[in-house]
Amino acid sequence: MASPSPPRPTETLPRRGFPPPCWSSEETLALIQSYRQKWLSNRRANLRAADWESVAADLSVRSSLLPSATPKTSVQCRHKFEKLRKRFRSERLRSLTLRPHAPPSSSWSFFPIMKSLEIDDHGGLTIPKADRPNPSTGGGEAKGMMTDEISRRIDCERRDERKSKRAIGSVEKMVSSLRMVGDGFMKMERLNMERVRQREMMKMELQLKRTEMILDSHRRIIDAFLNAFVDGEKRKRKMKKKKDKVSPDN
């Protein structure tokens, strides 16, 4: 009698209330490669919970050299791959809608490697004959070509991102330079206004002193005139008194 099979490890669902994990381009490519390897070893059968655990473990090994990689659970790997499937379906449908007589294509970086995984009638994943790798070699040549294509597209995206950052940096430098020029212009204008104000104050002070000097001169002239007039009157009175004293004796 066959012994009962050991219980399969249960999947732990992610706790609610936390944001979804961040997947870099390198981690996503490593996930696709880990899935493909496990899928081929299972003879293209749907992966079960234990298989996804193996995929997560293999992904951890592949991503160990990536500086920005974070640990991923089997549930996170499965959910991410489901999102990749949906994205591939939408890109493929859009390509067929826009160009019905041309092979499906897309600018999405992972479209070539996902194109090798087609959806069959049962919801599983199969590889077209033209793209099927040799199971004995693991599809090394085809997988290498697709990996090179993905890496090339990732490098192009990174170059575009660096160009955008440089353009943004140039704009920020230009804005900073314009701000510095504007600040310098405002500072010069404030200095010019301060100089004009000081000159106007000096002119007003000089005008006030000149007016005071003129008024002082007028006052002195009037005082001198009045003093001369008063002195003359006094002399006249003295002379008259002397005459009045001399007249009776004569």
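Comment: Asp183 does not engage Arg179 in a salt bridge, judged by the lack of any side-chain N to carboxylate O separation of less than 4.0 angstrom. At a threshold of 4.0 Å, the pair Glu82-Arg85 counts as salt-bridged, since one of the basic side-chain nitrogens sits closer than that to a carboxylate oxygen. Salt bridge absent: Lys209 and Glu212 never bring a charged side-chain N and a carboxylate O closer than 4.0 Å.
When all heavy atoms of Lys115 and Phe88 are compared, the pair lying nearest together is CA-CE1, 3.4 Å. Considering every non-hydrogen atom in both Leu59 and Leu31, the closest pair reads CD1-N, 3.6 Å. Taking all atoms of both residues into account, the shortest heavy-atom contact from Glu53 to Ser74 is OE2-OG, 3.1 Å. Here the shortest heavy-atom pairing between Glu27 and Cys22 reads OE1-O, 3.6 Å. The heavy-atom pair separating Lys80 from Thr28 by the smallest distance is CE-OG1, 3.8 Å. For the residue pair Ala102 and Leu96, the shortest heavy atom distance occurs at O-CD2, 4.3 Å.
Under the 3.5 Å distance criterion, the side-chain polar atoms of Ser60 are left unmatched by any main-chain donor or acceptor of Ala56. Judged by distance alone, the side chain of Thr73 and the main-chain N or O of Gln76 form a donor-acceptor pair under 3.5 Å. At least one donor-acceptor pair under 3.5 Å links the side chain of Asn192 to the backbone N or O of Met188. Checked by atom type and distance alone, the side chain of Ser176 never pairs as donor or acceptor with a backbone atom of Glu172 at under 3.5 Å. Here the side chain of Ser41 pairs a donor or acceptor atom with the backbone of Lys38 at under 3.5 angstrom.
For the atom pair OG1 of Thr211 and CG of Leu206, the computed distance is 10.5 Å after rounding to the nearest 0.5 Å. If you take CD1 on Ile32 and CZ on Arg36, they are separated by 10.0 Å, rounding to the nearest 0.5 Å. Atom CZ of residue Arg210 and atom NZ of residue Lys203 lie 13.5 Å apart, to the nearest 0.5 angstrom. We find the CG-CG distance between Asp51 and Asn42 to be 4.5 Å, quoted to the nearest 0.5 Å. Here the straight-line distance linking atom CE of Met186 with atom CG of Leu191 works out to 11.5 Å at 0.5 Å rounding. With rounding to the nearest 0.5 Å, the separation of OG in Ser106 from CG in Leu93 is 12.0 Å.
With contacts defined as side-chain heavy-atom distances shorter than 4.5 Å, the pair Gln207/Met204 does not qualify. Residues Arg87 and Lys83 fail the side-chain proximity criterion, which asks for heavy atoms closer than 4.5 Å. Looking at heavy atoms from C-beta onward, Lys238 lies out of side-chain contact with Arg235 at the 4.5 angstrom threshold. Two residues are said to be in side-chain contact when any heavy atoms from C-beta on lie closer than 4.5 Å; Cys77 and Tyr35 fail this criterion.
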Item to complete: For the pair Arg197 and Glu194, evaluate salt bridge (charged side-chain N to carboxylate O under 4.0 Å, His left out) and give the outcome as yes or no after the intermediate values.
Response: CA-CA 5 Å; Arg197 188 180 66 84; Glu194 183 66 21; 2.5 Å; yes
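Counting only N and O atoms by type, the side chains of Arg99 and Ser95 include a donor and acceptor under 3.5 Å apart.
Relative ring orientation between Phe110 and Trp108 is described as perpendicular, the plane-to-plane angle rising above 60° on a 0-90° scale split at 30° and 60°.
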